[in-house]
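Heads up: numbering here begins at 1 and tracks the sequence.
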Amino acid sequence: EVQLVESGGGLVQPGGSLRLSCAASGFTFDHWAIGWFRQAPGKERKAVSCISTYGGDPFYDHAVNGRFTISSDNTKSTVYLQMDSLKPEDTAVYYCAVGVGASWSDLCIFEGADYWGQGTQVTVSS
């Protein structure tokens, strides 16, 4: 059974940083994409950043490009999201997601997730 466990959310002041982690287990796939989505109150869920075992440059939503950095361990079964220069509009529940056999575009652009984490709250406020 695939499980995604997120951690690292919390309350931070504008301009601050947080690092989210997502540990995936139960993988038996040859290839997958893994990444982060977020959902702010009253808004639709939106892709933030994704990577894939197929390689290629990571995807970043334009709203976070240059401020957020996605990384992973060698197996790409643990993924991190380093969030710097946080803004109040980054406040949301952040979800980790996995797309089996997917490229980063399959996951982030077409939201082809097969598994979701439970989410972790990020609040940016003074």
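Grouping the Ile, Leu, Val, Met, Phe, Trp and Tyr side chains by contacts below 4.5 angstrom, directly or via other members, places Val12 with Leu81. In the hydrophobic cluster analysis, where Ile, Leu, Val, Met, Phe, Trp and Tyr join through side-chain heavy atoms closer than 4.5 angstrom, Val64 is grouped apart from Tyr95. Placement of Ile51 and Phe29 within a single hydrophobic cluster is found when ILVMFWY residues are connected by side-chain heavy-atom separations under 4.5 Å, directly or transitively.
Checked by atom type and distance alone, the side chain of Tyr60 pairs as donor or acceptor with a backbone atom of Ile70 at under 3.5 Å. The backbone N or O of Val100 sits less than 3.5 Å from a side-chain atom of Asp114, completing a donor-acceptor pair. Side chain of Gln39 to main chain of Glu44: no donor-acceptor pair is present (N/O by atom type, distance under 3.5 Å, no hydrogens or angles).
Other members of the cluster containing Trp104 are Phe59, Ile109, Phe110, with ILVMFWY side chains joined at under 4.5 Å, either directly or via other members. In the hydrophobic clustering, where aliphatic and aromatic side chains (Ile, Leu, Val, Met, Phe, Trp, Tyr) are joined below 4.5 Å either directly or transitively, Leu11 stands alone.
How far CG of Leu4 is from CD of Gln118: 8.5 Å, rounded to the nearest 0.5 Å. Arg67 contributes atom CZ, which lies 7.0 Å from atom OG of Ser85 (distance to the nearest 0.5 angstrom). Gln121 CD to Glu6 CD: the interatomic distance, rounded to the nearest 0.5 Å, is 12.0 Å.
By the 4.5 Å heavy-atom criterion applied to side chains, Ile34 and Cys96 are counted as neighbours. With a 4.5 Å cut-off on side-chain heavy atoms, Pro14 and Pro88 count as touching. At a threshold of 4.5 Å between non-hydrogen side-chain atoms, the residues Val98 and Val2 do not count as touching. Residues Arg38 and Asp90 are in side-chain contact: their nearest non-hydrogen atoms beyond the backbone lie under 4.5 Å apart. Two residues are said to be in side-chain contact when any heavy atoms from C-beta on lie closer than 4.5 Å; Lys46 and Asp61 meet this criterion.
Exactly one residue among Trp36, Tyr94, Phe37 makes a ring pair (Phe, Tyr, Trp, His ring centres under 6.0 Å) with Trp116. That residue is Phe37. Applying side chain to side chain contact (heavy atoms under 4.5 Å, CB included) to Leu20 and the options Val48, Val79, Thr120 leaves one that passes, Thr120.
The two residues Ser49 and Cys108 come nearest to each other via the heavy atoms C-SG, 3.5 Å. Shown here for Leu107 and Gly99, the closest heavy-atom pair between the two residues is CD1-N, 4.0 Å.
Among residues two or more places apart in sequence or in another chain, the side chain to side chain contact (heavy atoms under 4.5 Å, CB included) test is passed with Gln82 by Ser17, Arg19, Thr69, Asp84.
No side-chain donor-acceptor contact under 3.5 Å links Glu89 and Thr91. Side-chain N/O atoms of Ser103 and Ser105 include a donor and acceptor closer than 3.5 Å.
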